[in-house]
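Written below as structure tokens is the structure these notes are about.
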Amino acid sequence: MGVHGLTSYVEGNRGLFQDVRFRDSRLVIDGCSLFFRLYLNHGLDQAHGGDYDAFAALLSAFISALEACNIQPYVVLDGGMDPSDKKLSTLRQRLQSKIQEAESLSRGRHGSVLPLLTRHVFIQVLSQRGVPLVQCPAEADWEIACLANQWGCPVLTNDSDFYIFDLPGGYIPFRFFQWANVSSSPPNHYIPARRYTVSGMCQHFRGMNRELLPLCAVLAGNDYTTEQTYKHIHTLLPQLTTGGKRGGRGRGSPSHIEGLLLWLSSFPGPEEALDEVGRLTGGVERGGGGERGRGGRGRGRAGRGGEMSGLCSMLWSGMQEYHLTPQSRLSTWFSGGSSRSPKGLWATTPCPLPEWLCWAAGSGAMAPLVLDVLELRRVLLIPQVENSRLPSSHCSATAIRQALYGILLANQEQGERGETGWGEGHRVQRQGGQETQVEGQGERGRGGRQCGRRGRGRGQKQGVGQGGAEPSSGSGQGENNAPSAVESDRRMSVFVEEYDRHDLNLRKCQVEPRTPGTRLHLETLCQAPVSVRLGVLYDVLGVKESSLSPLPLHLRLALGVTGFWRREARPFPSLPQVQALLLGMVHGEMARNTHPGLKQNTAAEQNLWMRLRLRPGDRRGFDVGVAHSLSQWQACLWSVLSLNQLLCLPLPEPDTAWLFSGSLVHGLVGRLRGGCSPESVLAAAPLSGHIYRSLLAALENCTLNTLPSSGRRKRGRGGGGEKGGRRGGAPSSQEINNRFALLMTEEEDEE
């Protein structure tokens, strides 16, 4: 949500804020605003795919600043899309804008694109630091406001709707929260901040009734105001804003905001102001309204017809978005103990979710993608910095998402076919490989989709990838080529709408879910044996468990994804790209490790990795081909992390902050292309060299093609290697285990 033009107006009026020394308090934080603000406003890399290690360090410093001032944060995250679809148009516009900004970054110009895995790193760091977190079913603004209202504490966010919510503890915008400048000496540390309150705003406008502020929001236009509604009131605004300062005439411009507030301050309450809106537009005359009950407003007596009365009703309905309840559902979640339950938070979702899934989603351990598929059969794929002349990087992970969709929607397809339930681990036969035609979408209830049958309409041939994608055996990118990992999977009659980049435009396509050969019932998926769930994951990735078993548990998922990416990416990844990616993982292993016996290696190896990084903001020689290939790897990892979560983590999640650093990997690709070998790069870091060779051997074992050594690099597309088994010099499983022995900390045996 957000009121157009309100932030510029309010933050341009210093008298609307109060200076505070913030300490010893609860603080409700808008999680999505926090990770966007921290990443995009601190000069972190965007063009090369993101520096997640630097972001994790920045977030950790933020949390430490709060701890120093005895501030207890409670982080609230958005979940899936609004099931009412009121905001779909706004979301699509934002995606289209991000596609353009990613293109700008790929050409060495300025832009603002959040790296794909930022949210995942954010949740992991909060969990590691013990920060209370909840993920809401959909947009979290209203839930955040209700929680802060009940607790009487401030909200920290970057959303202009909080200039409208009437919160006793007020609202602190991020730009006025100087967390990096903790003041005073212990134990009296505080963070300098500026706090806004609705009461201060109303005093500024001649004691205006605070209930008029929501009407200002809907008249100015927010994310929920439709274009059709705004067109009705557009011609009205000049009559209402004549008291504002002269300035621009654009929608929601500061002059209009001030004019609206001055006009509204002349009315005792919102009902009188709405009657005046009706009178000015020739609809409802002042004083002609019908009865108005508590919490609602009667439509009133229509003038020339019901159209303008309907407009006032829509405005009133929009105002209710800012009405807060005295008790928040989130307070029970954060209270802990036996009373903590996700049921209240998820009770209003259009389609009931299994309780185990509600727990995972509420704790942030289930990606919003899962919720969107279940509730809306729709996914918005996040743009990355890549080659816009090639298919979207997300095409490389289509097979992974198809498997995820198949697990989620199999029950719904079953209901449509009138079939009975499945047992866990039950094997099924392939039901044919024909592409299915979409028969329309039938009637949709609230939330844009129904849970039952789909109606009939015009048939349309549906591919599973994006136009222009190069068909290949097992790639999942061509219409007639099913991924090798799901060759035997059964096709389904339901589809998921995916919004993704096609050239420089946002395009919608229908993607067919595919049920894995081992069927899992969503209701009882968490009870399936680990071996069954792990088998499904490895089947989708197309790797053997034995090839990854020598590695530490926390690296198996990353190596499995890398093997999948090496097979599915188009163009095929070059040898330097694969080597650089593995070297980046080696850096992460050394940086994250806290084993006391390794301290002697830390300083020298840190200096080595720092020299290999690209400088912040360095766009010279930016290789969009490398960026595209690594964006495909991130897309594969992003999809696999969601699948692994849905399967209740048969493999532990990797520490994502230390898995990939874009500026480092791009710098390494340049070095390797320039003639350096991985061995020469790591000559001064023997332990890192051991780890690299172990990762390389595991990758060779889990893929069909063997990576050539530095001395016998083959020419050809992507620098692919020879076919056959692993090189004669590749270490055995026992040797790989030995190389990791020094780095291994205590890990739970989940096998």
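Along the sequence shown, residues carry numbers from 1. Note that the structure is a prediction, hence the values are computed from the model and not measured. Just the heavy atoms: all of them, side chains too, but no hydrogens, waters or symmetry mates, feed the values below.
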Assess the residue pair Val669 and Gln579 against the criterion (side chain to side chain contact (heavy atoms under 4.5 Å, CB included)); give the C-alpha distance rounded to whole Å, side-chain angles, the decisive distance to 0.1 Å, and a yes or no. CA-CA 8 Å; Val669 170; Gln579 292 172 330; over 6 Å; no
When you measure from the side chain of [X] to the backbone N and O of [Y], does any donor-acceptor pair fall under 3.5 Å?
X	Y	value
Gln632	Arg570	yes
Thr118	Leu114	no
Asp623	Val626	yes
Arg567	Leu541	yes
Arg533	Ala528	yes
Arg671	Leu612	no
Gln577	Ser574	yes
Gln46	Leu105	no
Ser106	Val624	no
Asn701	Ala697	yes

Would you say the side-chain atoms of [X] and [Y] include a donor-acceptor pair closer than 3.5 Å?
X	Y	answer
Glu589	His554	yes
Ser677	Ser680	yes
Trp565	Ser396	no

How far does [atom1] of [X] sit from [atom2] of [Y], to the nearest 0.5 angstrom?
X	Y	atom1	atom2	answer
Phe122	Ser127	CZ	OG	12.0 Å
Trp359	Cys526	CH2	SG	13.0 Å
Glu523	Leu353	CD	CG	9.0 Å
Leu116	Leu630	CG	CG	12.5 Å
Leu557	Leu637	CG	CG	6.5 Å
Gln634	Ile382	CD	CD1	10.5 Å

Look at the rings of Phe660 and Tyr52 and say which category their plane angle falls in: under 30° parallel, 30 to 60° tilted, over 60° perpendicular.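 Phe660 vs Tyr52 ring planes: tilted.
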Look at the rings of Phe55 and Tyr39 and say which category their plane angle falls in: under 30° parallel, 30 to 60° tilted, over 60° perpendicular. tilted
Can you find a heavy atom in the side chain of [X] that is under 4.5 Å from one in the side chain of [Y]?
X	Y	value
Leu641	Val561	no
Leu357	Leu525	no
Phe35	Leu77	yes
Pro368	Gln135	yes
His587	Asp53	yes
Leu522	Leu646	yes
Phe572	Arg566	no
Trp609	Ser688	yes

Please give me the minimum heavy-atom distance between [X] and [Y], naming the atom from each residue.
X	Y	value
Gly584	Val665	CA-CG2, 4.4 Å
Ser694	Leu551	O-CD2, 4.3 Å
Ala627	Phe622	CB-CZ, 3.6 Å
Leu672	Ala580	CD1-N, 3.7 Å
Leu133	Gly364	CD2-CA, 4.4 Å
Leu408	Leu374	O-CD2, 3.6 Å

Is the closest basic N to carboxylate O distance between [X] and [Y] below 4.0 Å?
X	Y	value
Glu679	Arg693	no
Asp45	Arg613	no
Asp372	Arg377	no
Arg501	Glu386	yes

With side chain to side chain contact (heavy atoms under 4.5 Å, CB included) as the test, would you mind laying out the steps for Leu404 and Leu369 before giving the verdict? CA-CA 10 Å; Leu404 184 146; Leu369 174 147; 3.4 Å; yes
What do the steps show when you test Ser661 against Ser663 for side chain to side chain contact (heavy atoms under 4.5 Å, CB included), and what is the final call? CA-CA 6 Å; Ser661 171; Ser663 64; 3.8 Å; yes
Evaluate salt bridge (charged side-chain N to carboxylate O under 4.0 Å, His left out) for Arg556 paired with Glu545, printing each intermediate quantity in order. CA-CA 9 Å; Arg556 294 180 190 178; Glu545 182 176 2; 5.3 Å; no
Which residues share a side-chain hydrogen bond (donor to acceptor under 3.5 Å, both in side chains) with Thr656, sequence neighbours left out: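 Partners of Thr656 by the side-chain hydrogen bond (donor to acceptor under 3.5 Å, both in side chains) criterion, ordered by chain and then number, come out as Gln124.
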For Ser363, give me all partners under side-chain hydrogen bond (donor to acceptor under 3.5 Å, both in side chains), at least two apart in sequence or on another chain.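 Checked Ser363 against side-chain hydrogen bond (donor to acceptor under 3.5 Å, both in side chains); zero matches.
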Any salt bridge (charged side-chain N to carboxylate O under 4.0 Å, His left out) involving residues 643-660? Give me the pairs, sequence neighbours left out, ordered by first then second residue.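 Applying salt bridge (charged side-chain N to carboxylate O under 4.0 Å, His left out) to every pair that reaches into residues 643-660, excluding sequence neighbours, yields Arg592-Asp655.
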Taking the six-membered ring for Trp, are His394 and Trp638 ring centroids under 6.0 Å apart?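 For His394 and Trp638, the ring centres are under 6.0 Å apart.
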Using side chain to side chain contact (heavy atoms under 4.5 Å, CB included), reason through Tyr692 and Leu687 one step at a time and then give a plain yes or no. CA-CA 9 Å; Tyr692 169 75; Leu687 183 55; over 6 Å; no
